[in-house]
Amino acid sequence: PFHQTRQRVITNLKPRAPSEPGDVVLVTHGSLFKLETFLTQMEHWNGPASFAVYMNSLGESKPDALDMLEKFLKENQEQLEKASIHLYMEYTKTTKTPSSYPHNPLRNVAMDESNADFIVALDVDFIPLPKNCYEKLHQVLHERNSSLAMEMRARKRIMVLPAFEVYARNGTQVATQDQLPSCKEELYESIQANLSESFRLQRYPAGHGPTNFNRWFDPVVNPKSFYRHTYKRFYAITFHLGFEPYVLAYRHGLPRYWNTFRGFGQNKLSWFLELHRAGYD
């Protein structure tokens, strides 16, 4: 069989104080090899986060693995002050058929332990921009005369966060932080210069195409129309099968991810299809 008998243990290594009403928590996940990536994500997010860490009994469970994790937590206490860390341990009997990475079980752990009214569901490789993204999203959600938070609670409404990919340059394997755009205008210029793209729009348009990036960039492309006409900060997105964006959502009542789905390739698709069928906009 593809999955051998296994035991799973979930340990809350670093709990966080209960969230205040209306708070927004970033929920993400990763293996031990993604600890530094999570640290970078936290530097930009600069807010509360719930991080599920995966460790199995194969390549990632060397005797020093727990020591490595403990060292990381101690050395980065200040940067991780607002984060809670949850260790998901898994025992696998055979090395011939290693288990696939459990994306959805880890997402459920991070979401369940987030202890917040609102969550930002994000993969650990994504950097939230601009810096202090937590503060800015919190302001948008709860700004005076805005009904956004109320609508998300009462009307099953989810905010899609546009995702982009910045190409590596100068012979590097990954883009460096100094190549990241600081605002929408810089991002648009980067795309026009073929230095960035809407996330996998050419390779898998169904995944993020419904975000309608042209509409999102409209204030930059047509600044005159922005001032001439009433501009709505939010616009409706039409769901299509295959859509799997990154989102800000009201956590209570939110369906959990399909826990038995493991491995790569459309691992979030089932969740968004379920949200759509459950009446979420």
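Just so you know, these numbers use all the heavy atoms, side chains as well, and skip hydrogens, waters and symmetry mates.
For His86 and Ser50, the side-chain atoms include at least one donor-acceptor pair closer than 3.5 Å. Between the side chains of Tyr134 and Asp23, at least one donor N or O lies within less than 3.5 Å of an accepting N or O. No side-chain N or O of Asn104 forms a donor-acceptor pair with one of Asn259 less than 3.5 Å apart.
Looking at Arg251, its side chain does come within 3.5 Å of a backbone N or O of Ala116 through a donor-acceptor pair. In this structure a side-chain-to-backbone donor-acceptor pair under 3.5 Å is present from Asp117 to Gly22. Put simply, the side chain of Thr11 never gets that close to the backbone of Leu13: no donor and acceptor are under 3.5 Å apart. Side chain of Tyr235 to backbone of Asn212: a donor-acceptor contact under 3.5 angstrom is found. Here the side chain of Trp271 pairs no donor or acceptor atom with the backbone of Glu274 at under 3.5 angstrom. Listed for the Ser84 side chain is no donor-acceptor partner under 3.5 Å among the backbone atoms of Pro15. At distances below 3.5 Å, at least one donor-acceptor pair connects side-chain atoms of Thr28 with backbone N or O atoms of Val124.
Nearest approach of Ala110 to Val27, heavy atoms of both residues: O-CG1, 3.5 Å. Summarising the geometry of Ser270 relative to Trp258, their closest heavy-atom pair is OG-CB, 3.7 Å, with the distance given to 0.1 Å.
Taking the ring centre of Trp216 as origin, the terminal cationic atom of Lys184 falls inside the region bounded by 6.0 Å and 45° from the ring axis.
No path of Ile, Leu, Val, Met, Phe, Trp and Tyr side chains, each step under 4.5 Å between heavy atoms, connects Tyr167 with Tyr204, placing them in separate hydrophobic clusters.
Taking the six-membered ring for Trp and thresholds of 30 and 60 degrees, His142 and His138 have ring planes inclined between 30 and 60 degrees apart. Aromatic ring pairs are classed by plane angle as parallel below 30°, tilted from 30° to 60° and perpendicular above 60°; the pair Tyr101 and Tyr54 is perpendicular. The aromatic rings of Phe126 and Tyr246 sit tilted, their planes meeting at an angle between 30° and 60°. Ring-plane geometry between His208 and Phe199 is classed as perpendicular, the angle between the planes exceeding 60 degrees on a 0 to 90 degree scale with a lower cut at 30.
Salt bridge Lys14/Glu81: absent, no basic N to carboxylate O contact under 4.0 Å. Using a 4.0 Å cut-off between charged nitrogen and carboxylate oxygen, Lys136 and Glu143 do not count as a salt-bridge pair.
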Apply salt bridge (Lys or Arg N to Asp or Glu O under 4.0 Å) to the pair Asp123 and Arg107, showing each step before the final yes or no.
CA-CA 9 Å; Asp123 286 340; Arg107 288 186 175 115; 3.1 Å; yes

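A search for side-chain contact (heavy atoms from CB on, under 4.5 Å) contacts involving Glu186 returns Pro181, Ser182, Cys183, not counting sequence neighbours.
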